[in-house]
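First the structure, in the form of structure tokens, and then the observations on it.
Lettering follows sequence order; numbering is per chain, from 1.
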Protein chains: 2
Amino acid sequence: MVATAERGTAQAIREEAAKLFFERGYDATSLRQVASAVGLMVGSLYNHIDSKEHLLLQIMGGIIDDLLDSARKAAMVDGDAIDRLEAVLAAHLTFHAERAQEVFIGNAELRSLSDGARHVVIEKRHEYELFLQGLVEDAGRAGLADVIDAKIHVYSFVAQATHIASWFKPGGRMSLDEIVAIYTKLALRELNVPDADARVDQRR
Amino acid sequence: MVATAERGTAQAIREEAAKLFFERGYDATSLRQVASAVGLMVGSLYNHIDSKEHLLLQIMGGIIDDLLDSARKAAMVDGDAIDRLEAVLAAHLTFHAERAQEVFIGNAELRSLSDGARHVVIEKRHEYELFLQGLVEDAGRAGLADVIDAKIHVYSFVAQATHIASWFKPGGRMSLDEIVAIYTKLALRELNVPDADARVDQRR
DNA sequence: GTTTAACGCACGGACATTCGTTTGCTTGCT
DNA sequence: AGCAAGCAAACGAATGTCCGTGCGTTAAAC
């Protein structure tokens, strides 16, 4: 209970570590660098973390659950299957841009996880993809989209968002809203949704 | 020495290292693991390589040049701007699938390169993107495609292919040709090219 | 055709560093 | 007095790299 505007040392460690893992990679980042970024000596970190891998796990931890939550929440919108897909895609893209660092780490450092933890993450990721796939199939069944292969469309959406997470920085050439709008159009276009652009523009 | 199917020790080292870098990452792969995969002791590697980083550089080295070459060659096809784009996209996708391991390493291990080497790679990558961007803009100017933002379309194509490189394995659910065809359709669809699917099917 | 010298290449041990982690000890707040 | 949290120092293990040695093959010298 310090009187200063402390965000908590543990939180600071997680944030600085995330920054470094993002820039250099997990293996290439030493705990001494993390400690230095926080303004501590190495040993002191262990007053706040269990181990380096557990620190990575903490960082990657909530991401997928949060992503699934945000998608499920977005899917509760009123309208037809395309409206639902549109809303979920907007949430999907926004999430990947806003939490780009964590998303990137979550993708790039899967290999650095121990087997058990990795499979948990992969399983959740699969669950997320199945959720998106369901929305695509719904739109296809409703005759609102021309689905070539639902899985590939989902891969496409995932690829786009993942890629965004690797380059997006606030204050760039485009605002987040513009980016989301464009990529949503691309998604509807690739599903041959009639008047894809107009649909997206109309919602803004 | 019996004349076995020699591939050259240096080449074997590069191949085994690429496999390991792909699976575990550059930093997480020790030269002792590489040596063991080749059937050597660590020190013996240094009869064939300069350093670990130089080994990575060798592996990543040719990739982008090869990619650019393959794209330039594909662009020399007869036809309109869409035909050209289509041919280049097919080459683009095929390349990323066939050389998935190297492509993946080239993307994931950029961070592991020293500053000088990294900037060379980034520069070449930019050159490649500009080449694709030119094709997209050509198609737009010719009135054959409805271009939202040329750079974003290129990002989209890059994202898709990069993602393919992370999951494609020969002998999967779909043949390489099918995959290329589908993703080419997606690309033309997202450019609002009329009769996108028919155009692609017709070419096969 | 034999000897000799050279060379390529693998071995295994050693090296300085760096890593993650642990351990006491100290400090300052309550 | 108690306790969370910092520090310095040290640990063993692992890493990239180098070096002295020995072996098998090749090629020139006799």
Side-chain angles (χ1 to χ4, degrees), chain A residues 1-60 105 109 111-118, chain B residues 1-60 105 109 111-118:
Chain A
M1 298 189 210
V2 187
T4 66
E6 281 267 15
R7 292 304 142 96
T9 311
Q11 181 61 20
I13 291 174
R14 265 178 255 125
E15 287 174 12
E16 295 300 327
K19 212 177 297 179
L20 287 166
F21 290 170
F22 176 72
E23 290 167 7
R24 303 160 202 241
Y26 172 77
D27 277 300
T29 303
S30 74
L31 287 184
R32 281 165 178 81
Q33 292 172 329
V34 175
S36 158
V38 180
L40 291 179
M41 294 285 111
V42 207
S44 309
L45 291 181
Y46 283 81
N47 289 319
H48 307 279
I49 67 172
D50 293 345
S51 67
K52 191 188 180 188
E53 181 175 350
H54 188 259
L55 175 58
L56 173 61
L57 204 61
Q58 277 192 321
I59 293 171
M60 295 183 44
I105 295 172
E109 304 297 353
R111 300 182 296 194
S112 307
L113 246 42
S114 57
D115 284 353
R118 189 173 58 253
Chain B
M1 275 299 148
V2 185
T4 60
E6 280 272 10
R7 51 177 166 166
T9 310
Q11 180 62 19
I13 291 174
R14 265 177 255 124
E15 288 173 12
E16 296 300 327
K19 212 178 296 179
L20 287 166
F21 289 171
F22 176 73
E23 291 167 7
R24 303 160 202 243
Y26 173 77
D27 277 299
T29 302
S30 75
L31 286 184
R32 281 164 179 81
Q33 293 172 329
V34 175
S36 157
V38 181
L40 292 178
M41 293 285 108
V42 206
S44 311
L45 291 181
Y46 282 82
N47 290 317
H48 308 278
I49 68 171
D50 293 345
S51 69
K52 190 189 180 189
E53 181 176 350
H54 188 260
L55 175 58
L56 173 61
L57 204 60
Q58 278 192 319
I59 293 172
M60 294 185 45
I105 295 172
E109 304 297 353
R111 300 182 296 195
S112 307
L113 246 42
S114 57
D115 284 354
R118 188 174 59 254

Indicate every side-chain donor-acceptor pair of residues 25-35 of chain B with a distance under 3.5 Å to a residue at least two apart or in another chain.
unit_1	atom_1	unit_2	atom_2	d
B/Tyr26	OH	B/Glu53	N	3.2
B/Thr29	OG1	B/Leu20	O	3.4
B/Thr29	OG1	B/Gly25	O	2.6
B/Ser30	OG	B/Arg32	N	3.4
B/Ser30	OG	B/Gln33	N	3.2
B/Gln33	OE1	B/Ser30	N	3.0

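- Contacts between residues 28-52 of chain B and DNA chain D, counted as heavy-atom distances below 4.0 Å, involve B/Thr29, B/Ser30, B/Leu31, B/Arg32, B/Val42, B/Gly43, B/Tyr46, B/Ser51, B/Lys52.
- With sequence neighbours excluded, no residue forms a side-chain hydrogen bond (donor to acceptor under 3.5 Å, both in side chains) with A/Glu16.
- Applying the salt bridge (charged side-chain N to carboxylate O under 4.0 Å, His left out) test to A/Arg118 and every residue at least two apart in sequence or in another chain returns A/Asp115.
- For the salt bridge (charged side-chain N to carboxylate O under 4.0 Å, His left out) test, no residue two or more places apart in sequence or in another chain qualifies with A/Glu15.
- Between the OH atom of B/Tyr26 and the C1' atom of D/dT15 there is a distance of 11 Å, given to the nearest Å.
- Residue pairs meeting the ring pair (Phe, Tyr, Trp, His ring centres under 6.0 Å) criterion with at least one partner in residues 33-59 of chain A, sequence neighbours excluded, are absent.
- One atom, CD1 of B/Ile13, and another, P of D/dG16, lie 14 Å apart when rounded to the nearest Å.
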